[in-house]
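Report on the following structure.
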Amino acid sequence: MKAPIDYLLHLADNALVLGQRNAEWCGHGPILEEDLALANNSLDLIGQARLLYQHAAELINSNASLAQRFAHLQGARQDGRVTEDTLAYFRDTAEFRNHTLMELPHHGPLVGYAVSERDYAVTIARNFLVSALMVLMWDSLRASKDEQLAAIAAKSLKEVRYHLQHAGDWLVRFGDGTEESHRRAQNAIDLLLPYCEAFWHPGPAESAAAQDGTGVDILSLREHWNALVNETLAEATLTRHDQPHPGYIAQGHTGIHSEHLGFLLAEMQSLARAHPTAVW
Amino acid sequence: MKAPIDYLLHLADNALVLGQRNAEWCGHGPILEEDLALANNSLDLIGQARLLYQHAAELINSNASLAQRFAHLQGARQDGRVTEDTLAYFRDTAEFRNHTLMELPHHGPLVGYAVSERDYAVTIARNFLVSALMVLMWDSLRASKDEQLAAIAAKSLKEVRYHLQHAGDWLVRFGDGTEESHRRAQNAIDLLLPYCEAFWHPGPAESAAAQDGTGVDILSLREHWNALVNETLAEATLTRHDQPHPGYIAQGHTGIHSEHLGFLLAEMQSLARAHPTAVW
Amino acid sequence: AALQAHFDTVIDADGKIEPRDWMPDAYRKTLVRQISQHAHSEIVGMLPEGNWISRAPSLKRKAILIAKVQDEGGHGLYLYSAAETLGTSRDQMLDALHTGKAKYSSIFNYPTLNWADVGVIGWLVDGAAIMNQIPLCRCSYGPYARAMIRVCKEESFHQRQGYEALLVMMQGTAEQKAMVQDAVNRYWWKCLAMFGPPDADSPNSVQGMRWGIKRIGNDDLRQKFVDATVPQAEVLGVTLPDPDLKWNEARGHWDYGQIDWDEFWATVNGHGPMNQERLATRVKAHEQGAWVREAALAHARKQQQRQQKEAA
Amino acid sequence: AALQAHFDTVIDADGKIEPRDWMPDAYRKTLVRQISQHAHSEIVGMLPEGNWISRAPSLKRKAILIAKVQDEGGHGLYLYSAAETLGTSRDQMLDALHTGKAKYSSIFNYPTLNWADVGVIGWLVDGAAIMNQIPLCRCSYGPYARAMIRVCKEESFHQRQGYEALLVMMQGTAEQKAMVQDAVNRYWWKCLAMFGPPDADSPNSVQGMRWGIKRIGNDDLRQKFVDATVPQAEVLGVTLPDPDLKWNEARGHWDYGQIDWDEFWATVNGHGPMNQERLATRVKAHEQGAWVREAALAHARKQQQRQQKEAA
């Protein structure tokens with residue numbers, strides 16, 4: 001049994017986009033050890049994305065109606081078949097299924113074409129919030145009826161456990177560190193928590209996957225996620241202000257993104273798109 | 001008579017790349033009037049670039065060996081013919097002939113993938129240094145043996161005179177303003193003046209154009225440029241530190257750029273390259 | 001009282017109030033609020049379209065877009081000037097914007113996600129804005145009315161440009177058509193909401209009508225917009241995302257579905273997708289530009305001192 | 001004197017000096033300078049390749065590149081550790097880098113301008129570095145020698161990966177081949193210069209040889225590099241940009257042209273194309289990371305205090 005293609009793409013895009021973001025620190029980290037840790041995180045995520053895209057590509061190549069749906073993606077094909085790179089490098093913004101949270105830049109709230117210095121607190125806070133989810137997701141997905149997905153989950157679980165540890169440790173250092181680091185961490189948490197609301201509003205693909213046993217009933221993880229988050233925030237002396245308000249819930253996972261993803265993809269895809277038939 | 005194609009591209013790329021940079025301020029300027037002034041500057045430059053690319057495209061389309069040389073550029077063609085957009089959107093970094101100065105971001109010296117806040121002093125200092133050159137260039141090019149180029153020069157001259165006035169006025173305000181504005185302006189001038197050395201080291205296309213009367217003997221403008229620059233710097237109480245040193249002279253105009261142009265083009269060309277056959 | 005009477009006479013005769021004329025405080029306050037809100041909308045409205053300048057897919061479109069965003073900045077400038085004739089400085093108005101006291105059009109709290117958004121903003125957003133603004137060209141306050149005449153003229157030009165850009169895209173590749181449809185899907189309902197809540201729920205309308213500041217009700221304007229737009233959408237070949245949209249022979253108008261007013265109010269009240277981003281971007285531009293403005297002031301002061309010395 | 005004699009004996013016997021052993025001040029100073037310079041080169045060297053991570057043209061290449069840059073950071077880490085065994089802290093070394101007192105390999109003052117630069121850095125720059133570094137695996141200072149064994153192993157892996165990436169590109173499109181040739185054209189001469197000035201002009205060499213820190217002369221290493229690289233270039237199908245390059249039957253080596261030492265020294269002395277950018281980027285990363293390091297320290301202090309309280 002195979003998971004729905006959009007569910008695989010959702011998982012893959014989450015990993016790729018966050019991996020791409022975290023790699024931006026490479027050579028610019030606050031301390032050499034963190035350069036290495038972020039590179040490691042990024043490597044893990046891109047590795048997960050590759051496995052998921054490969055799985056998705058197989059599914060597409062072996063299914064006529066899916067092949068039709070993705071027929072407009074002509075780049076990076078091999079013998080006419082879709083590859084992991086076709087999916088990563090030739091889909092447009094609206095075809096990406098990652099949570100909006102993943103694509104946000106490493107700074108406070110600004111429009112897509114603003115520029116600003118990177119803030120490591122945003123990086124750490126996001127890695128913490130995402131890893132807390134993914135630890136639970138991959139743990140559950142080990143029981144996916146999609147055996148390939150289950151195998152990917154088992155491998156990924158080990159990696160994100162480490163990511164969670166790393167980000168959580170730093171979040172505590174920031175929250176319970178200096179006045180400046182506390183302020184930055186609190187701002188980052190305040191900025192990012194509302195985007196996490198989207199976790200609990202699954203799109204059609206996630207619901208379908210939960211239904212047929214290839215995916216996870218994400219709402220069943222909510223309490224556990226809250227516990228993980230609250231525990232670390234408490235240790236970090238940080239506060240949760242995310243009272244549910246009747247406002248916007250991010251919709252990246254259904255293809256409606258922020259203004260940031262377009263710029264991320266423009267850069268990421270630039271070389272591949274300039275040479276769509278090339279092999280690298 | 002027609003100017004050498006690489007000379008036309010040099011002039012066009014200068015205008016486009018600086019126009020692209022200056023447009024980045026749109027919506028982010030320090031004062032609404034400057035948003036408008038920069039947008040205006042950018043519009044003028046992009047207008048100049050269009051005329052020059054159109055001229056270059058005609059030349060390419062009517063000359064078999066040039067058509068061959070640009071045959072690899074397949075995007076944005078019309079009835080198989082090269083257009084202004086083919087030249088702007090489908091050439092790679094190494095094919096651009098603009099001065100390196102034009103492509104630098106609006107901040108101090110950093111590597112290509114660093115991020116930093118924009119500094120309006122860099123913007124103003126560059127516009128001043130470039131406009132001082134272009135006022136002289138366009139003035140001379142009105143006598144170009146390439147009549148189309150001469151006509152473009154006549155039109156452009158009026159525009160850059162205004163650009164020079166605008167940037168010069170602000171440079172004086174900065175230099176002779178507050179301590180902070182003076183410091184920023186001096187840093188910007190120190191950063192950018194060495195890139196201006198490249199003006200006086202013409203590439204083969206510029207030399208060929210000077211020779212056959214379609215271009216300008218750029219070295220003949222040097223003294224006048226120095227006078228223009230020195231006069232405003234003096235009024236701005238800013239200092240020229242650009243003692244000639246035996247170091248690197250920027251080579252963007254021969255295709256060897258800084259790390260910044262690649263990112264600028266990746267963004268600028270992203271949409272056009274994603275849809276190479278589209279008409280907009 | 002004589003002043004009030006004179007004011008009422010001018011208003012009743014559809015005449016113009018000018019800056020030096022006496023006017024009721026509430027009139028002045030309402031106008032400052034409305035004109036500055038309009039000016040803020042122009043300035044904040046530069047951002048969603050500015051987002052695509054660097055990526056415009058042809059040089060021609062890039063030039064058109066820069067010129068358009070520049071026009072919006074220009075509108076902002078003369079609207080701020082119009083408001084200043086009422087005795088409020090631009091700094092005061094900007095301060096109200098940056099501290100969240102003043103509003104701007106809620107439509108700009110949505111992101112621009114593909115290139116067609118630029119065209120759709122021209123066609124639908126500017127189109128709706130024009131519907132709202134044309135009556136203001138006859139507004140009772142002279143400087144505002146005159147500013148609006150110029151604004152409306154330029155906005156009509158932008159609207160035609162936006163529509164034309166979409167026409168070209170709809171004759172293009174499947175991907176281009178999909179972009180246009182996607183943009184229309186995201187913007188249609190937000191544009192209907194731009195006319196404001198149903199008249200029944202709109203408290204400011206009555207007084208505004210009396211003063212000749214507001215001249216047509218929200219629902220009438222909305223209906224006018226729908227009636228004008230449906231045939232344009234057909235020519236374009238896009239589907240407006242409303243299953244309830246159908247011609248009502250009896251009314252002689254297009255019927256349309258229910259607007260999600262909860263979503264509208266959430267966004268107006270700060271919880272839209274980009275409220276934080278738009279405002280923070282404006283604040284940041286202003287703060288980071290402080291040294292530039294200070295330099296200009298400092299230099300002007302020095303110049304003045306030098307001139308005074310010479311004169312002495 | 002006895003200590004000096006013991007030191008000389010160990011050196012003469014090709015033995016290892018360890019951190020706790022006595023050593024002459026000049027030996028210690030030379031080692032700190034050389035090891036920290038090497039560490040700095042690894043750290044600064046992350047930037048030219050890091051420049052292409054975001055744009056790597058396939059996921060596989062992206063992963064390989066991140067792993068490679070990460071390895072370089074790792075080399076930096078254990079080289080800093082090796083230098084610390086000589087009594088200089090990482091902070092002191094970083095301070096020397098950031099204030100321009102310490103050098104790093106001049107090759108990193110050139111920009112990476114196309115994707116093939118990444119492969120060429122692996123093939124030629126890492127290749128030249130390995131030639132320089134292999135002798136250091138037998139260096140007289142134990143921690144340095146052991147670090148270099150690990151570094152060389154990983155660098156050899158990187159070199160093969162770089163060469164392999166170029167092989168694939170040279171089997172690709174005309175544009176891909178042009179990228180490789182362009183990158184080789186820009187890097188070839190800089191790589192030859194990496195071995196340092198001709199031995200005749202290299203003042204540090206003699207003492208370095210005596211101490212077993214340097215074991216082979218610059219010119220010999222350079223010749224070795226040229227001889228190894230020419231056949232690889234042929235297999236690859238690129239032209240090395242040197243018209244004087246030709247096989248000298250008599251010498252049994254490849255002859256090559258004149259290196260532009262003026263350009264080399266200009267770059268070493270701060271006037272290369274990217275000296276300012278590379279250093280400013282490192283300084284900025286360090287300065288902007290200050291609050292992170294302070295937070296870690298502050299938290300550690302708090303933790304310690306809490307533990308002491310509990311213990312008390």
Side-chain angles (χ1 to χ4, degrees), chain A residues 16 19-20 23-36 38-40 42-43 46-47 49-50 53-54 76 83-85 87-89 117-121 124 169-170 172-182 184-185 264 267-275 277-280, chain D residues 39 42-63 65-67 69-74 76-77 80 90 94 114-115 165 168-169 171-173 175-176 179 281-282 284-303:
Chain A
L16 175 60
Q20 175 82 0
E24 290 173 357
W25 280 104
C26 202
H28 308 294
I31 174 172
L32 186 47
E33 284 79 355
E34 286 306 290
D35 265 80
L36 304 188
L38 264 278
N40 192 61
S42 180
L43 263 181
I46 286 162
R50 291 186 68 192
Y53 284 131
Q54 286 162 11
T83 67
E84 58 181 83
D85 292 324
L87 296 172
Y89 286 96
E117 313 283 350
R118 296 184 189 106
D119 183 348
Y120 204 62
I124 287 295
D169 285 353
W170 274 105
V172 170
R173 285 189 197 105
F174 289 169
D176 188 32
T178 64
E179 213 169 298
E180 177 177 6
S181 70
H182 181 89
R184 284 178 183 262
L264 181 146
E267 183 172 318
M268 185 182 93
Q269 298 179 335
S270 57
L271 184 58
R273 287 211 191 237
H275 306 277
T277 62
V279 174
W280 304 96
Chain D
E42 298 283 356
I43 303 311
V44 176
M46 295 170 78
L47 297 174
E49 292 176 282
N51 190 43
W52 283 92
I53 288 175
S54 69
R55 295 173 289 176
S58 75
L59 294 180
K60 177 181 143 190
R61 293 292 168 199
K62 189 190 290 282
L65 181 55
I66 296 174
V69 177
Q70 193 189 25
D71 280 350
E72 284 159 7
L77 261 190
Y80 282 129
R90 203 207 292 185
L94 286 179
N114 83 55
W115 168 251
V168 173
M169 287 182 78
Q171 286 152 19
T173 66
E175 283 91 345
Q176 287 178 293
M179 284 182 206
T281 300
R282 288 307 315 156
K284 183 183 162 102
H286 191 73
E287 285 175 358
Q288 296 211 318
W291 71 267
V292 173
R293 299 188 299 274
E294 283 158 19
L297 282 175
H299 179 71
R301 259 193 315 266
K302 286 187 193 175
Q303 286 286 77

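Chain A is the first sequence line, chain B the second, and so forth, proteins listed ahead of strands; every chain is numbered from 1. Note that this is a predicted model, so its numbers are computed, not measured.
- For A/R50, the salt bridge (charged side-chain N to carboxylate O under 4.0 Å, His left out) partners two or more places apart in sequence, or in a different chain, are A/E84.
- Heavy atoms of A/E24 lying under 4.5 Å from chain D are absent altogether.
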**Prompt:** Could you go step by step and tell me if A/W280 and D/Q176 meet the side chain to side chain contact (heavy atoms under 4.5 Å, CB included) rule?
**Reply:** CA-CA 9 Å; A/W280 304 96; D/Q176 287 178 293; 3.4 Å; yes
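- A/W170 touches chain D through its side chain: at least one heavy atom from C-beta onward sits under 4.5 Å away, while N, CA, C and O do not.
- The two atoms that bring D/A63 and A/I46 nearest to each other are CB-CG2, 4.4 Å, heavy atoms only.
- When every heavy atom of D/R282 is checked against every heavy atom of A/H28, the shortest pair comes out as NH1-N, 4.4 Å.
- How far CG of A/L36 is from CG of D/L77: 5.0 Å, rounded to the nearest 0.5 Å.
- Of the atoms belonging to A/D169, not a single heavy atom falls under 4.5 Å from chain D.
- Interface check for chain D: of the options A/N40, A/D85, A/D35, the most heavy-atom pairs under 4.5 Å are formed by A/D85.
- In terms of heavy-atom proximity, D/V69 sits nearest to A/C26 at CG1-SG, 3.4 Å.
- Heavy atoms of D/S58 lying under 4.5 Å from chain A belong to its backbone as well as its side chain.
- Relative ring orientation between D/W291 and A/F174 is described as tilted, the plane-to-plane angle lying within the 30° to 60° band.
- Residue A/L32 comes nearest to D/G76 through the heavy atom pair CD2-C, 4.2 Å, listed as atom of the first residue, atom of the second, then distance.
- Ranking D/A296, D/G73, D/G50 against chain A, the residue ahead of the rest is D/G73, based on heavy-atom pairs under 4.5 Å.
- Remark: A/R184 does not engage D/E294 in a salt bridge, criterion side-chain N to carboxylate O under 4.0 Å.
- The list of salt bridge (charged side-chain N to carboxylate O under 4.0 Å, His left out) pairs with a residue in residues 53-63 of chain D, not counting sequence neighbours, reads D/R61-D/E164.
- For the pair A/A272 and D/P57, the tightest heavy-atom approach, listed with the atom from each and the gap, is CB-O, 3.7 Å.
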